[in-house]
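Below is one structure, written out as structure tokens; comments come after it.
What you see is a predicted model, and the numbers here were worked out from it, not measured in a lab.
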Amino acid sequence: MSRRLVWAALAVAILVALLPIGYLVSLSLRPPGDVLNSSLLPTEWTPANFVSVFDTIALGTMLQNSWVSALGAAVLAVLIATPAAYFTARRFGGERLLTALLASYCAPPVVAIIPLFFLLRDFGLTNHVLGLVLVNGVANVPVAAWLLDGFVRRIPVEIDEAAVIDGLTVAGAFRRAVLPLLWPGIVAALLVVFFLSYNDFLFAVYLAVTKESQTLTVGLSLFQGDRNVQFGQQAAAGLLGILPVYVLALAAQRFLVGGLTAGATK
């Protein structure tokens, strides 16, 4: 009986989670005249929105910018956070540094928009994907460090000590003894930062306003500027944007769950 209740609860949870996606699919397959229909299923089916959306906005360029900026930010954040997490997990007082990093992440990002804009402008990186890579990468270092800190603490400190006794420096012990054991955590941190950067809207809408540098999140907001909003095209663009990310999340869910669990139970 209890097992049936568990399965029933899981079925309800899955239904609630997939219902918005299902309605998004329904909207994307409706003609403009049927969009305001309140029913879950369209009265007419058409794939025209998936074709016309590329004429309404530069969707291909936006998708490319989103992926490039998110991948670059994930790599940058993990490159900085990996040695930082080793320090916070292994050195006395490292927890204070980790706390300070996480405290900085709690501040609302909007307070940094103006100084970031002027800094990027001085280096010629406004309206450039590289600027989004730098901003999102550095902004998500606290999250990556928090995740990796939990993985480092799972590795016995005796491994470091044995490597040092064998003649390696502390940096050498980290690179040759600890780093190979950190790959599950590194993959988890890469995925989490990628998803956070891919979904970023605030930095993108202020720091990348040209058509050549806009990301998908900014492109989706452009539909709201017209008097007649193309909800079908907006839904189609959203599906094209989230589908590969959903597939990536499903394929890498083992690393995601392991990374979040390590960070929560360190």
Side-chain angles (χ1 to χ4, degrees), residues 3-29 40-42 45 47 49-50 53-54 59-79 81-82 132-133 136-137 139-151 154 181-201 204 215-220 232-266:
R3 181 173 296 182
R4 291 181 180 179
L5 290 176
V6 170
W7 281 108
L10 288 175
V12 172
I14 293 173
L15 180 62
V16 171
L18 293 181
L19 186 60
I21 305 300
Y23 191 67
L24 197 65
V25 174
S26 175
L27 281 178
S28 67
L29 295 174
L40 291 177
L41 298 177
W45 300 80
N49 291 319
F50 289 92
V53 68
F54 286 92
L59 184 58
T61 301
M62 292 175 179
L63 287 172
Q64 176 180 318
N65 291 338
S66 292
W67 277 85
V68 171
S69 63
L71 287 172
V75 172
L76 177 62
V78 171
L79 284 177
T82 302
L132 294 179
V133 169
N136 282 305
N140 287 300
V141 166
V143 176
W146 171 70
L147 289 172
L148 288 167
D149 180 274
F151 277 92
R154 287 186 173 187
L181 302 176
L182 270 182
W183 277 110
I186 290 174
V187 174
L190 284 170
L191 290 169
V192 170
V193 175
F194 171 83
F195 294 141
L196 291 174
S197 302
Y198 189 84
N199 294 325
D200 169 68
F201 174 75
T215 60
L216 176 65
T217 53
V218 178
L220 292 175
Q233 293 185 21
Q234 189 178 31
L239 281 176
L240 292 174
I242 67 175
L243 182 60
V245 177
Y246 265 64
V247 173
L248 177 61
L250 289 174
Q253 60 179 326
R254 179 169 62 89
F255 293 100
L256 282 172
V257 173
L260 295 174
T261 302
T265 61
K266 63 183 180 180

Heavy-atom side-chain proximity of [X] to [Y] below 4.5 angstrom:
X: L29; Y: N49; answer: no
X: I242; Y: I21; answer: yes
X: L71; Y: V133; answer: no
X: T82; Y: F151; answer: no

Please check if the number of heavy atoms outside Y246 that lie under 6.0 Å from its OH is greater than 12.
no

Fit a plane to each ring of F194 and W67, take the angle between them on a 0 to 90° scale, and name the class: parallel (under 30°), tilted (30 to 60°) or perpendicular (over 60°).
tilted

What's the shortest heavy-atom distance between V245 and Y198, and which atoms?
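The pair with the smallest heavy-atom distance is CG2-CE2, 3.5 Å.
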
Using every non-hydrogen atom in the two residues, find where V193 and A77 come nearest and quote the distance to one decimal.
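Here V193 and A77 meet closest at CG1-CB, 3.9 Å.
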
Could you state the interatomic distance from [atom1] ([X]) to [atom2] ([Y]), rounded to the nearest 0.5 Å?
X: S69; Y: L76; atom1: OG; atom2: CG; result: 12.0 Å
X: L216; Y: N65; atom1: CG; atom2: CG; result: 10.0 Å
X: L196; Y: L191; atom1: CG; atom2: CG; result: 11.0 Å

Got a sec, which residues hit side-chain contact (heavy atoms from CB on, under 4.5 Å) with [X], two or more places apart in sequence or on another chain?
X: L79; value: V75
X: I14; value: L18
X: A73; value: N136, S197

Can you name the side-chain hydrogen bond (donor to acceptor under 3.5 Å, both in side chains) partners of T217, sequence neighbours left out?
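If we apply the side-chain hydrogen bond (donor to acceptor under 3.5 Å, both in side chains) test to T217, skipping adjacent residues, the hits are T215.
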
Main-chain N/O of [Y] paired to [X] side chain as donor or acceptor, under 3.5 Å:
X: S26; Y: G22; value: no
X: D149; Y: A145; value: no
X: D200; Y: A204; value: yes

Let me check something: any side-chain donor-acceptor pairs from residues 232-241 under 3.5 Å, sequence neighbours excluded? List them with distances.
from: Q233; atom 1: OE1; to: T56; atom 2: OG1; distance (Å): 2.4
from: Q233; atom 1: NE2; to: S52; atom 2: OG; distance (Å): 3.2
from: Q234; atom 1: OE1; to: Q224; atom 2: NE2; distance (Å): 3.1
from: Q234; atom 1: NE2; to: L220; atom 2: O; distance (Å): 2.9

